[in-house]
There are 2 protein chains.
Amino acid sequence: MAGLTIGKVAKGAELGIETVRFYEREGLLEPPERTASNYRIYSSQAITRLRFIKRAKTLGFTLKEIKELLSLRHNPSASKSDVKVQVEAKIDAIKQKISDLKNIQNTLETLDECCNGKGPTDDCPILKALEGVERLNGESVSR
Amino acid sequence: MAGLTIGKVAKGAELGIETVRFYEREGLLEPPERTASNYRIYSSQAITRLRFIKRAKTLGFTLKEIKELLSLRHNPSASKSDVKVQVEAKIDAIKQKISDLKNIQNTLETLDECCNGKGPTDDCPILKALEGVERLNGESVSR
DNA sequence: CTTGACCCTATAGTTGGGTGGAGGGTTTAG
DNA sequence: CTAAACCCTCCACCCAACTATAGGGTCAAG
């Protein structure tokens, strides 16, 4: 039997079998070929795609957004310029995320340098800064 | 009446009033002072904190994780080195997120340069690359 | 001194993203 | 040829994170 069964792809992407079928129902994963006995048969590409989905999820994208990212290709009714607009919007959203993450990272690093391992946390004045993180960045109007 | 009512903080943080009360119940926001008539009264710090929560959520942190981030301060029973360990773990998680986002960004930018606004999407060979994004990075074993 | 815009608690309902089981067929190692 | 380990569909259920509703009190403008 050539190709991968659903159990193999699920294991390869570190997801549950049910989750893989769920993503198929939700349109995130193309319905694969079936064997004569109705088993799903995948190529290794499917694992790639599932891992992408998994990673994008930890980055704060919803399944709907991930679906949009993935469907930037094979949309015959869209022109290249439509895609371009969408891609650029996604890039902007990602840049904003990176910038937000960097701000949090900077604050945590300051915190880390300040607290060099002795005494109770109360002593560290930088800890308070955590709550003021957003003053450091450009508060853009994202969703 | 000095201080902000819940309606003001909610508006200031672009959240619903119910969400603010929900965060209080969940321990993400300190229970504020109350007026004689039992109204919650906040300082502007509360808006700061709520905006931090909101932003962290779009970056893929769960409320539980955000609670941990916020409680890295004022935890009298923890020593500085405990906090240091936690802070460094958070920094690592954030670095991973940034790296993942940059990979996706790079792919999208390649895509964007390739498709310069004419013809159907099928013509663009780079579009296929989207599915192969994770081959570009170091596939670390994150959650 | 009322009326409309607030606020309170308590609790139920919703949405997104899965997870698990029933009931049944298939494949493969021994 | 059979038993373990898969696979299938359908459907009910779960958790996180809200969101709304009922039922009632408060406050300030006119």
Side-chain angles (χ1 to χ4, degrees), chain A residues 1-43 46-47 49-71 142-143, chain B residues 1-43 46-47 49-71 142-143:
Chain A
M1 186 194 284
L4 303 161
T5 61
I6 196 169
K8 303 282 176 52
V9 254
K11 181 156 280 182
E14 294 172 280
L15 290 170
I17 287 175
E18 287 312 315
T19 305
V20 176
R21 287 199 274 246
F22 172 72
Y23 287 161
E24 181 182 326
R25 283 200 299 283
E26 298 296 304
L28 285 140
L29 195 60
E30 287 279 282
E33 298 299 307
R34 299 288 186 123
T35 63
S37 54
N38 205 31
Y39 282 24
R40 288 169 179 82
I41 292 297
Y42 300 89
S43 75
I47 295 177
R49 189 161 174 135
L50 286 169
R51 291 216 275 236
F52 175 83
I53 294 170
K54 195 183 177 184
R55 211 145 29 77
K57 249 169 45 55
T58 78
L59 299 172
F61 294 101
T62 63
L63 294 190
K64 189 160 164 285
E65 289 165 337
I66 295 169
K67 200 171 159 181
E68 283 165 23
L69 279 172
L70 288 169
S71 71
S142 63
R143 58 150 163 168
Chain B
M1 187 193 287
L4 304 161
T5 61
I6 196 169
K8 304 281 176 52
V9 255
K11 181 155 280 181
E14 294 172 278
L15 290 171
I17 286 175
E18 288 312 315
T19 305
V20 177
R21 286 198 275 247
F22 172 72
Y23 287 162
E24 182 183 326
R25 283 200 299 284
E26 298 295 304
L28 284 139
L29 195 60
E30 287 278 282
E33 298 299 307
R34 299 288 187 121
T35 65
S37 54
N38 206 31
Y39 283 22
R40 289 169 179 83
I41 292 297
Y42 301 88
S43 75
I47 295 177
R49 189 162 174 134
L50 287 169
R51 290 214 275 235
F52 175 83
I53 294 169
K54 195 181 178 186
R55 211 146 29 78
K57 252 170 41 58
T58 77
L59 298 172
F61 294 101
T62 63
L63 294 190
K64 191 161 164 283
E65 289 166 337
I66 295 168
K67 202 172 158 179
E68 284 164 23
L69 278 173
L70 287 169
S71 70
S142 63
R143 54 151 170 171

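Numbered from 1 within each chain, the chains take letters A, B, ... in sequence-line order.
Distance, N38(B) CG to dA10(C) P: 10 Å, rounded to whole Å. In this structure, the CD1 atom of I53(B) is 14 Å from the C1' atom of dC18(D), given to the nearest Å. Distance CG (L28(B)) to P (dA17(D)): 9 Å, rounded to an integer number of Å. As a whole-Å value, the separation of Y39(B) OH from dA5(C) P is 14 Å. With rounding to whole Å, F61(B) atom CZ is found 18 Å from dA16(D) atom P. In this structure, the NZ atom of K67(A) is 13 Å from the C1' atom of dG16(C), given to the nearest Å. Between the P atom of dG16(C) and the CG atom of L63(B) lies a distance of 17 Å, rounded to the nearest Å. For the pair I66(A) CD1 and dG17(C) C1', the computed distance is 11 Å after rounding to whole Å.
At a threshold of 4.0 angstrom between heavy atoms, the contacts of G16(A) with the nucleic acid are absent.
Among the nucleotides dC18(D), dT26(D), dC7(D), the one closest to any side-chain atom of I6(A) is dC7(D).
Side-chain atoms of R49(A) come within 3.5 Å of backbone N or O of L28(A) as a donor-acceptor pair. Between the side chain of R51(A) and the main chain of G12(A), a donor-acceptor pair closer than 3.5 Å is present. A donor-acceptor pair is defined here as one N or O able to donate and one able to accept, closer than 3.5 Å; no such pair exists between the side chain of K54(A) and the backbone of L15(A).
Neither OP1 nor OP2 of dC7(D) sits under 4.0 Å from any side-chain N or O of S37(A). Put simply, K57(A) has a side-chain N or O that comes within less than 4.0 Å of OP1 or OP2 on dG18(C). Side-chain nitrogen and oxygen atoms of R40(A) include at least one within less than 4.0 Å of the OP1 or OP2 phosphate oxygen of dC8(D). An OP1 or OP2 oxygen of dT9(D) is reached within less than 4.0 angstrom by a side-chain nitrogen or oxygen of R34(A).
In this structure, R25(B) has no side chain to side chain donor-acceptor pair (under 3.5 Å) partners at least two apart in sequence or on a different chain. In this view, E26(A) satisfies the side chain to side chain donor-acceptor pair (under 3.5 Å) rule with no residue, not counting sequence neighbours.
Residues E18(B) and R21(B) are paired through a salt bridge, judged by an N-O separation under 4.0 Å between the basic side chain and the carboxylate.
Residues from residues 17-25 of chain A with heavy atoms under 4.0 angstrom of DNA chain D, sorted by number: I17(A), R21(A).
Scanning both residues, A13(A) and L50(A), for their nearest heavy atoms gives CB-CB, 3.5 Å.
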